[in-house]
Protein chains: 2
Amino acid sequence: MATRTAAERRAEAKAEYDAFFAQCPSRQLLERISDKWVALVLAALGGDGPGTNPGDEPMPMRFSELQRRISGVSQKMLTQTLRALERDGMVTRTVTPTVPVTVSYELTGLGRSLQGLMKGIKAWAEGHMEEVLTHRGGFDQGQGAAAD
Amino acid sequence: MATRTAAERRAEAKAEYDAFFAQCPSRQLLERISDKWVALVLAALGGDGPGTNPGDEPMPMRFSELQRRISGVSQKMLTQTLRALERDGMVTRTVTPTVPVTVSYELTGLGRSLQGLMKGIKAWAEGHMEEVLTHRGGFDQGQGAAAD
DNA sequence: CAGGATCCAGTAGGATACTG
DNA sequence: CAGTATCCTACTGGATCCTG
């Protein structure tokens with residue numbers, strides 16, 4: 001019976017999909033978004049960054065702007081990540097045919113629904129860095145290990 | 001909510017760490033936790049899984065139990081992931097010298113502080129799967145289907 | 001400016017076999 | 001049961017060159 005609303009089907013989906021199962025499509029989606037570049041891109045497009053506040057709203061950004069903000073990302077990985085996010089409906093790509101082409105990316109509703117979690121992950125990493133470093137030091141000594 | 005926990009204040013205060021910078025230690029930590037196995041292990045140890053509710057509390061699990069729950073994980077990756085999490089102070093490893101050795105893993109306070117986000121990521125993937133598939137289909141057609 | 005196409009090194013990660 | 005060790009492949013991802 002295909003006469004269901006999107007909301008109804010989605011509600012069902014939550015029960016069917018289980019990322020613990022290797023064959024479940026949601027496992028692949030989980031792999032997709034469990035990526036540092038995805039996290040950083042969504043955080044950047046979500047308005048995160050130096051001089052911004054947790055409540056700042058999403059804003060469109062140009063390619064070069066993203067690349068500047070996310071230091072260390074290669075143009076290949078940035079392009080690749082943005083393509084994947086666009087394909088999955090999390091960002092929109094807008095081309096403005098100016099003299100040198102201008103392309104800007106913006107979060108969709110779907111993207112914004114994930115962006116919060118991603119900013120959370122990023123913030124967690126930043127906020128618990130020292131705690132982790134402390135545990136790490138103790139572990140490496142205690143185990144006599146040549147860890148890392 | 002004006003009352004913040006120490007962890008939350010620490011997260012805000014440590015503005016010195018910024019994962020947008022490639023050289024920042026938090027970038028490496030972000031890479032570490034942006035991993036599907038990390039997400040699944042933390043979700044499993046966090047009490048997520050078939051027949052469980054979002055509010056379920058963390059519970060210690062044995063190695064084989066984890067491997068069964070997280071289908072598709074190789075023993076190598078599970079061991080590797082658990083070691084990394086232990087080293088970073090997110091899980092504790094307890095060895096009980098029974099006849100065949102019994103080892104159980106449990107979330108630490110630090111681990112629990114991340115487990116919520118990870119369960120969120122997993123739940124997001126499961127809950128938005130169809131929406132993503134829809135967008136994906138439209139994208140592949142519209143762009144000449146040369147995508148990925 | 002934005003990004004496609006290549007080449008190529010490093011490594012993630014699976015399969016398998018062995019151990020306490 | 002819970003690993004450790006080894007081998008080996010496939011993919012990740014950086015560097016570089018080229019185009020509209």
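Naming convention: chains lettered A, B, ... in sequence-line order (proteins, then strands); numbering from 1 in each chain.
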*asked:* Once rounded to the nearest 0.5 Å, what's the spacing between atom CG of B:L45 and atom CZ of B:R69?
replied: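 The CG atom of B:L45 sits 9.5 Å away from the CZ atom of B:R69.
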Round to a whole Å and report the spacing from [atom1] of [X] to [atom2] of [N].
{"X": "A:D35", "N": "D:dC11", "atom1": "CG", "atom2": "P", "result": "16 Å"}
{"X": "A:Q80", "N": "C:dT6", "atom1": "CD", "atom2": "P", "result": "15 Å"}
{"X": "B:Q67", "N": "D:dG3", "atom1": "CD", "atom2": "P", "result": "10 Å"}
{"X": "A:M77", "N": "C:dT6", "atom1": "CE", "atom2": "P", "result": "18 Å"}
{"X": "B:E31", "N": "C:dA12", "atom1": "CD", "atom2": "P", "result": "10 Å"}
{"X": "B:L82", "N": "D:dT4", "atom1": "CG", "atom2": "C1'", "result": "15 Å"}
{"X": "A:I70", "N": "D:dG14", "atom1": "CD1", "atom2": "P", "result": "12 Å"}
{"X": "B:E86", "N": "D:dA2", "atom1": "CD", "atom2": "C1'", "result": "13 Å"}

*Contact summary for A:H128 and B:S113, nearest pair of heavy atoms*: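 That would be NE2-OG, 3.7 Å.
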*Shortest non-hydrogen contact between A:D35 and B:S34, atoms and distance*: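 Between these two residues, the closest heavy atoms are C-CB, 3.8 Å.
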*Do any side-chain nitrogens or oxygens of B:Y105 fall under 4.0 Å of OP1 or OP2 in D:dC1?*
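It does not, given that no N or O in the side chain of B:Y105 lies less than 4.0 Å from OP1 or OP2 of D:dC1.
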*Any donor-acceptor pair under 3.5 Å joining the side chain of A:Q75 to the base of C:dG4?*
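Checked by distance alone, the answer is yes.
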*Which residue, A:R83 or A:P100, contacts DNA chain C at a nucleotide closer to its 5' end, judged by nearest heavy atom?*
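Checking each residue's closest nucleotide, the 5'-ward one belongs to A:P100.
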Quick one: are [X] and [Y] in side-chain contact, heavy atoms under 4.5 Å?
{"X": "B:T94", "Y": "B:E106", "result": "no"}
{"X": "B:E126", "Y": "A:C24", "result": "no"}
{"X": "B:L82", "Y": "B:F63", "result": "yes"}

*Considering heavy-atom distances to DNA chain D, does B:R62 or B:K76 have its closest nucleotide positioned more toward the 5' end?*
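Per heavy-atom nearest nucleotide, the more 5' residue is B:R62.
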*asked:* What residues from residues 88-95 of chain A pass a heavy-atom cutoff of under 4.0 Å to DNA chain D?
replied: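 Within this stretch, nothing sits under 4.0 Å of the strand.
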*asked:* Please determine whether side chain to side chain contact (heavy atoms under 4.5 Å, CB included) holds for the pair A:L42 and A:K122, giving the CA-CA distance in whole Å, both sets of side-chain angles, and the decisive distance to 0.1 Å.
replied: CA-CA 10 Å; A:L42 286 183; A:K122 177 172 173 290; over 6 Å; no
_Nearest to the B:S64 side chain among D:dC1, D:dG13, C:dG14, which nucleotide is it?_
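From the listed options, D:dC1 comes nearest.
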